[in-house]
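Each ligand, and each atom within it, is numbered from 1 in the order the structure gives.
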Amino acid sequence: METVGDYEYSTKDLIGHGAFAVVFKGRSKKNPSQTVAIKSISLKNVSKRDLLKKETTILKDLTALQHENVVALFDCKETPNHMYLVMEHIALKMSYLLTDTIISALILLCMNLV
Ligand SMILES: Nc1ncnc2c1ncn2[C@@H]1O[C@H](COP(=O)(O)OP(=O)(O)OP(=O)(O)O)[C@@H](O)[C@H]1O
């Protein structure tokens with residue numbers, strides 16, 4: 001298991017990856033039933049680290065709002081090569097995403113027909 005502060009994850013539990021990061025499913029060490037998403041950002045290609053830190057501060061401020069549409073940022077840790085963001089785990093089902101996308105497409109189609 002890999003550790004990020006009070007949280008842990010296994011590299012086997014990969015959720016997905018984006019352009020700059022990989023995201024793993026992890027959990028709280030104190031409360032293992034609390035699942036989290038741990039985003040590992042490689043700092044190799046990040047030239048503006050200060051900007052990344054500023055963005056992280058904004059995410060922390062947004063978390064303080066406790067809004068249902070804002071993914072909470074629980075913790076943030078930095079090593080020489082990586083930045084780790086521990087976030088609320090969003091368990092969206094693919095079927096929901098597809099339905100949502102289809103509904104949006106239908107609405108757009110209807111608007112064009114009017
Ligand atoms: N908080 C989360 N809870 C659950 N899954 C997540 C969470 N954040 C990210 N993911 C998953 O991890 C994948 C990669 O996320 P990441 O934010 O690195 O990239 P992205 O948003 O897909 O693309 P980009 O790199 O262009 O921003 C996402 O597509 C999503 O499936």
>> Go through it in stages, so that I can follow the logic: the residues are Val22 and Leu14, the test is side chain to side chain contact (heavy atoms under 4.5 Å, CB included), and I'd like the CA-CA distance, side-chain angles, deciding distance and then a yes or no.
In response: CA-CA 8 Å; Val22 282; Leu14 179 74; 4.1 Å; yes
>> If you apply the rule side-chain hydrogen bond (donor to acceptor under 3.5 Å, both in side chains), what do you find for Asn81 with Thr79, and how did you get there?
In response: CA-CA 5 Å; Asn81 296 322; Thr79 66; 5.9 Å; no
Element-labelled atoms of ligand 1 that are located less than 4.0 Å from some non-hydrogen atom of [X]:
{"X": "Ile15", "result": "5 (N), 11 (C)"}
{"X": "Lys39", "result": "16 (P), 17 (O), 18 (O)"}
{"X": "Glu88", "result": "1 (N), 2 (C), 3 (N)"}

Please tell me if the side chains of [X] and [Y] come closer than 4.5 Å, counting only heavy atoms from C-beta onward.
{"X": "His17", "Y": "Lys39", "value": "no"}
{"X": "His89", "Y": "Ile15", "value": "yes"}
{"X": "Ile41", "Y": "Leu85", "value": "yes"}

When you measure from [atom] to the protein, is at least one non-hydrogen atom found at a distance under 4.0 Å?
{"atom": "atom 15 (O) of ligand 1", "answer": "yes"}
{"atom": "atom 18 (O) of ligand 1", "answer": "yes"}
{"atom": "atom 11 (C) of ligand 1", "answer": "yes"}
{"atom": "atom 4 (C) of ligand 1", "answer": "yes"}

Return the closest protein heavy atom for [atom] as residue, atom name and distance.
{"atom": "atom 8 (N) of ligand 1", "answer": "Met87 CE, 3.7 Å"}
{"atom": "atom 9 (C) of ligand 1", "answer": "Val23 CG2, 3.9 Å"}
{"atom": "atom 24 (P) of ligand 1", "answer": "Ala19 N, 3.9 Å"}

>> In this structure, would Leu43 and Phe24 fall into the same cluster of hydrophobic residues linked by side-chain contacts under 4.5 Å?
In response: no
> Among pairs that include at least one residue of residues 15-25, which meet salt bridge (Lys or Arg N to Asp or Glu O under 4.0 Å), considering only residues two or more places apart or in two chains?
Replying inline: none
> Out of Ile90, Leu62, Leu59, which residue meets the side-chain contact (heavy atoms from CB on, under 4.5 Å) rule with Val71?
Replying inline: Ile90
> Just heavy atoms, cut-off under 4.0 Å: does Ile90 contact ligand 1 by side chain, backbone, both, or neither?
Replying inline: both
> Taking distance alone, with no angle check, do His89 and ligand 1 share an N/O pair under 3.5 Å?
Replying inline: no
> Can you find an N or O of His17 that's nearer than 3.5 Å to an N or O of ligand 1?
Replying inline: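 Looking only at distances, the answer is no, because the N/O contact criterion of under 3.5 Å is not met.
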>> Considering Ala37, Ala21, Ala72, Gly18 one by one, which has a heavy atom nearer to atom 23 (O) of ligand 1 than any of the others?
In response: Gly18
> Does any pair with a residue in residues 27-83 pass ring pair (Phe, Tyr, Trp, His ring centres under 6.0 Å), and if so which ones, sequence neighbours excluded?
Replying inline: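 Non-adjacent pairs meeting ring pair (Phe, Tyr, Trp, His ring centres under 6.0 Å): His82-Tyr84.
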